[in-house]
Amino acid sequence: MKLYIACDHAAIGMKNEITAYLREKSYDVEDLGINEGEKIDYPVAAEKVAKKVVADSGSKGILICGTGIGMSIAANKVKGIRAAAVSEVYSAKLTRIHNDTNVLCFGARVIGIETAKMIVDAYLEAEFEGGRHAARVALIEKLEENFK
Ligand code: RB5
């Protein structure tokens, strides 16, 4: 599975650790920055990942800022993106199974690195269940169409 990851200046260390962790597990991770010494506004970082995920069917995105919230708000403005900001494993898993999200967001100022690793594992190992959940995701897509 192809993964795109990015962060703002609040989360460079965590982004680097998570990138290394996922590569160690043989995921194909494209690091879209930023790196030590750089600064970026979170909507700009979110746009970079969101565009890649929309253009690359089946891929997933990971966005890390201070809280994960700004990244999720920004990414969700891009058509075709369903992003969730999570701080624990249960929501990370369920947002794949029920919401079919394609972008995972979390906050480097909210959770520690070990929780972040558990969250990405839970997220990437879970599969969308479809069925009644697909009908609900279709309703989300309808909102996207109706409120362009
Ligand atoms: C940057 O200071 C901070 O606002 C950002 O990382 C994020 O937490 C926004 O949601």
Side-chain angles (χ1 to χ4, degrees), residues 1-25 27-128 133 136-137 139-148:
M1 183 195 299
K2 176 81 183 196
L3 301 174
Y4 298 96
I5 191 166
C7 65
D8 74 358
H9 39 272
I12 295 168
M14 184 173 276
K15 182 268 293 174
N16 289 341
E17 282 193 71
I18 292 296
T19 300
Y21 176 71
L22 291 171
R23 284 179 178 158
E24 186 74 21
K25 292 186 152 221
Y27 284 102
D28 178 6
V29 189
E30 190 170 329
D31 179 354
L32 301 174
I34 56 175
N35 295 300
E36 273 326 319
E38 298 177 324
K39 282 195 109 176
I40 194 168
D41 293 321
Y42 61 80
V44 180
E47 182 184 357
K48 285 186 193 184
V49 164
K51 280 181 170 170
K52 289 279 190 182
V53 170
V54 165
D56 185 357
S57 172
S59 69
K60 298 276 179 294
I62 299 175
L63 286 165
I64 318 171
C65 61
T67 60
I69 295 170
M71 287 291 200
S72 65
I73 293 170
N76 276 315
K77 298 293 179 193
V78 177
K79 188 173 179 210
I81 293 297
R82 284 183 298 283
V86 307
S87 301
E88 35 71 33
V89 167
Y90 179 81
S91 300
K93 185 173 171 176
L94 267 288
T95 199
R96 281 291 306 128
I97 294 174
H98 286 189
N99 314 126
D100 197 19
T101 50
N102 47 15
V103 175
L104 171 70
C105 309
F106 46 86
R109 294 174 178 158
V110 179
I111 58 171
I113 187 65
E114 295 308 321
T115 301
K117 288 176 184 173
M118 290 171 80
I119 282 173
V120 293
D121 284 344
Y123 185 81
L124 295 172
E125 285 162 20
E127 290 282 347
F128 181 49
H133 303 297
R136 290 162 185 162
V137 170
L139 288 172
I140 294 173
E141 287 168 343
K142 204 166 140 193
L143 282 173
E144 207 168 47
E145 285 307 315
N146 291 346
F147 294 92
K148 275 194 264 210

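Remember, it's 1-based here, ligands and their atoms both numbered in the order they're listed.
At a cut-off of 3.5 Å, with distance as the only test, a side-chain donor of Asp56 or Tyr4 sits close to an acceptor on the other residue.
The shortest side-chain heavy-atom distance between Asn99 and Leu94 does not fall under the 4.5 Å cut-off. Considering only heavy atoms from C-beta on, Val78 comes within 4.5 Å of Val54 through its side chain.
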Could you go step by step and tell me if Lys25 and Asp121 meet the salt bridge (charged side-chain N to carboxylate O under 4.0 Å, His left out) rule?
CA-CA 10 Å; Lys25 292 186 152 221; Asp121 284 344; 3.1 Å; yes

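Counting only residues at least two apart or on different chains, the side chain to side chain donor-acceptor pair (under 3.5 Å) pairs with a member in residues 58-81 are Lys79-Glu145.
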Which pairs of nitrogen or oxygen atoms, taken one from ligand 1 and one from the protein, are under 3.5 angstrom apart?
| unit_1 | atom_1 | unit_2 | atom_2 | d |
| --- | --- | --- | --- | --- |
| ligand 1 | 2 (O) | Arg109 | NH1 | 3.3 |
| ligand 1 | 6 (O) | Asp8 | OD1 | 3.4 |
| ligand 1 | 6 (O) | Asp8 | OD2 | 2.6 |
| ligand 1 | 6 (O) | Gly66 | N | 2.7 |
| ligand 1 | 8 (O) | Gly66 | N | 3.2 |
| ligand 1 | 8 (O) | Thr67 | N | 3.0 |
| ligand 1 | 8 (O) | Thr67 | OG1 | 3.3 |
| ligand 1 | 10 (O) | Thr67 | OG1 | 3.2 |
| ligand 1 | 10 (O) | Gly70 | N | 2.9 |

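Distance CE/Met118 to CD1/Ile113: 12.5 Å, rounded to 0.5 Å.
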